[in-house]
Amino acid sequence: MYPKLSLYIDGQFKSGEGRREQDVVNPATDEVIGRLPHATPADLDEALAAAQRAFESWRKTSPLERSKLLRKVAALARERAPDIGHGITLDQGKPLAEAVAEVNVCAEHAEWHAEECRRIYGRVIPARLDGVRQLVLREPIGVCAAFSPWNFPFNQALRKVTAALGAGCTIVIKGPEDAPSAVVALAQLFHDAGLPSGCLNVVWGVPHEVSEHLIKSPIVRKISFTGSVPVGKQLAALAGSLMKRCTMELGGHAPVIVCDDADIEAAADLLVPFKFRNAGQVCISPTRFYVQEGAYDRFVARFLAKLEGVKVGDGLAPDTRMGPLAQARRVTAVASFVEDAQQRGASILAGGGPLPGAGNFFSPTLIADLPEDSRLMTEEPFGPVAGLLRFKTLDEVLKRANSLPFGLAAYAFTGGTRNAHALAGGLQAGLVSINHFGLALAETPFGGIKDSGYGSEGGAETFDGYLNTKFVTQMS
Ligand code: NAD
C-alpha cells in the first residue's frame, strides 16, 4: 500500500480539496501509485505565517526540550522504518533494504542533533575595562525555507529539519514531488512526537514557483537546498540579492584514485557496491576512476567480476541490488553520457544502456578509453555509469582529479602513508575518504567546496548555518 499524500501546514495535514494534483509514478513499473496535492499561493502564505508565529515561541524553548523532541523523532523513525522504507522503494525505486537503512541512519542523525543542540554555546570575552562584560550569543536565525531532493528523500529532508528545529528555527520545506512519501512520513513523525503547530510545514508544487515564493518572502531568513549545481546557483543568486543566508549541497563528480600500491582487489570489491548504490544517483557517488598503470588490468578484471553480482530489478524483490532510475528523464540523461563516450571511441566494458520492458532500468555500466574531455568525465552523470582512465604519477592524477569545477567527494586507495598524506592534502573536495568509505555519518561534517556548494550538514558544524552571532557588551 502506498501512503496517502498531503501538505502539512500549521499542524494540519491537507490533501486534494480542489488543489492542483500531480501523479506519483512507481519507477519500477511505470504505474501511477498516488496523487500529490500542490500548495496554492495562499497555502504557501499560510505556511510562512504559521512558521513565523511558531518561531516566536519555539526560539524560546530550552535546548533540553528541543533535544527531547528530537529523541522521540529518532525512536519513532526506527519504529516506522519498514513502512517508510516501503514507501521510498515504491516512489523512488531503491532496493527495500537500502530504503529501510536510509530511515534507520536518520534516527542517528536525529539523535546527533538532539545531543548537539544542547551544546550551542556562546562565550565570554575578557573586557578591557573593569565592570564591562562582553558576551557572544548564538541565536536562531529565524524561519528557514528548505528544498530537498529525491535521491535520499527521507535523509535529505530530515537533516535540514533537525538542524533548523534543533537550533530553535522553524521551517517550511518543499520535498521532492517525484518521491514524496518520505517527507509526508517525516511530517507525521514530528507531529506524533508533539512538535508544536507551525514549527514544521511541508509544501509541494512546481519547484521554481514554490522556491521563488518562499525565498522572496520577507519572513524567510535562511535557505537550504540540496540538488543540482545549476538550480543551486539560481537559488543562491536570488537569496543573495535579498541578503539571505544559504546552505548549498550541490552535485559532485567524485574522482577515485587507485594507486599501484593499494590492495587492488579489496578496492574493487568496495567500489562496485558503492558505485551502484541507489543506481549511482548519489551526489558523492564515485564517478571518475583513475587507476595507476601497474594496477589497471587487475583492477578492471576484479571490478567486472564483482559487477556480475549487481542484480538489477524491482526494489521490492529481495535479491535486487540495484533498482530503476528514479525518473524516465534520468534514463535519457544517463544514456546520453554513454552515447557521447561511444561517439568518441570509448570501450564499453559492461552494460551500456537501458533495459527493455517497463520501468526505468539501466544496466550497470563501465566505460574505458574515453577522452578526458568527454561528457562522462566532465559532467555529473548521476547514474550507474563509471568512467575509467589510467594514470602514471600522483602529481599528474591530482591535477586531473582537481581539474573540474566540482568539489564534493574524492576517494583514494593506497598502501603508502606518504601517498595518503599527499592525497588528503592535495584533493580539492569537501570530503575525502582514503582506503574506505566513511562519509555522511551523523557526527562528521558533510558539504562541498567550489561549485559543489557551501555550508555543512552534520558534525559539530551542523547548526552554524542556522544561527546568528550576536555580540553584547554590557557595563554594570
Ligand atoms: P533538476 O536540476 O531539475 O532538479 C534537482 C532537484 O532540485 C530536484 O529535487 C528538483 O525538484 C529541485 N528543483 C529543481 N528546480 C528547482 C527550483 N527552481 N527550486 C527549488 N527546487 C528545484 O534535476 P533532476 O533531473 O531532478 O535531477 C538530476 C540532477 O540533480 C543531477 O544531475 C544531480 O546533479 C542533481 N541532484 C543532486 C542531488 C544531491 O544530492 N546533490 C540530489 C538530487 C539531484
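Atoms within a ligand are numbered from 1 in the order they appear, just like the ligands themselves.
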**OP:** Examine H86 together with Y2 and report whether their ring centres are nearer than 6.0 Å.
**Re:** no
Original post:
Starting from atom 39 (C) of ligand 1, which protein heavy atom do you reach first, and at what distance in Å?
Top reply: C283 CB, 3.5 Å
Subject >> Close aromatic pair by centroid cut-off 6.0 Å: Y290 and F391 >> reply: no
Subject >> Flag, side chain of D43 to backbone of T40, donor-acceptor distance under 3.5 Å >> reply: yes
Original post:
Considering only protein heavy atoms, which is closest to atom 2 (O) of ligand 1, and at what distance to one decimal place?
Top reply: S228 OG, 2.7 Å
**OP:** Quick one: look up the protein heavy atom nearest atom 3 (O) of ligand 1 and list residue, atom name and how far away it is.
**Re:** V231 CG2, 4.7 Å
Subject >> ring-ring contact (aromatic ring centres under 6.0 Å, His included) against F276, all qualifying residues, sequence neighbours excluded >> reply: none
Original post:
When you measure from atom 18 (N) of ligand 1 to each heavy atom in R329, E380, H208, which option holds the nearest one?
Top reply: H208
**OP:** Among all protein heavy atoms, pick out the one at the shortest distance from atom 19 (N) of ligand 1; state its residue, atom name and that distance to 0.1 Å.
**Re:** S211 OG, 2.8 Å
**OP:** Measure the distance from atom 6 (C) of ligand 1 to every protein heavy atom, then report the residue, atom name and distance (to 0.1 Å) of the closest one.
**Re:** G227 CA, 4.3 Å
Original post:
When you measure from atom 43 (C) of ligand 1 to every protein heavy atom, which one gives the shortest distance, and what is it?
Top reply: P149 CB, 3.4 Å
Original post:
Taking the non-hydrogen atoms of E212, is any one of them nearer than 4.0 angstrom to ligand 1?
Top reply: no
**OP:** Look at atom 12 (C) of ligand 1 and say which protein heavy atom is nearest, naming residue and atom and giving the distance to 0.1 Å.
**Re:** F225 CE1, 4.2 Å
**OP:** Can you pull out the closest protein heavy atom to atom 22 (C) of ligand 1? Residue, atom name and distance to 0.1 Å, please.
**Re:** P207 CB, 3.5 Å
Original post:
If you measure every N/O of T226 against every N/O of ligand 1, is any gap under 3.5 Å?
Top reply: no
Original post:
Picking from F289, F413, F437, what satisfies ring pair (Phe, Tyr, Trp, His ring centres under 6.0 Å) with F274?
Top reply: F437
Subject >> ligand 1 contact on Q327 by region, counting heavy-atom pairs under 4.0 Å >> reply: neither
Original post:
Salt bridge check: are E380 and R375 linked by an N-O gap of less than 4.0 Å?
Top reply: no
Subject >> Ring center gap for W150 and F382 short of 6.0 angstrom >> reply: yes
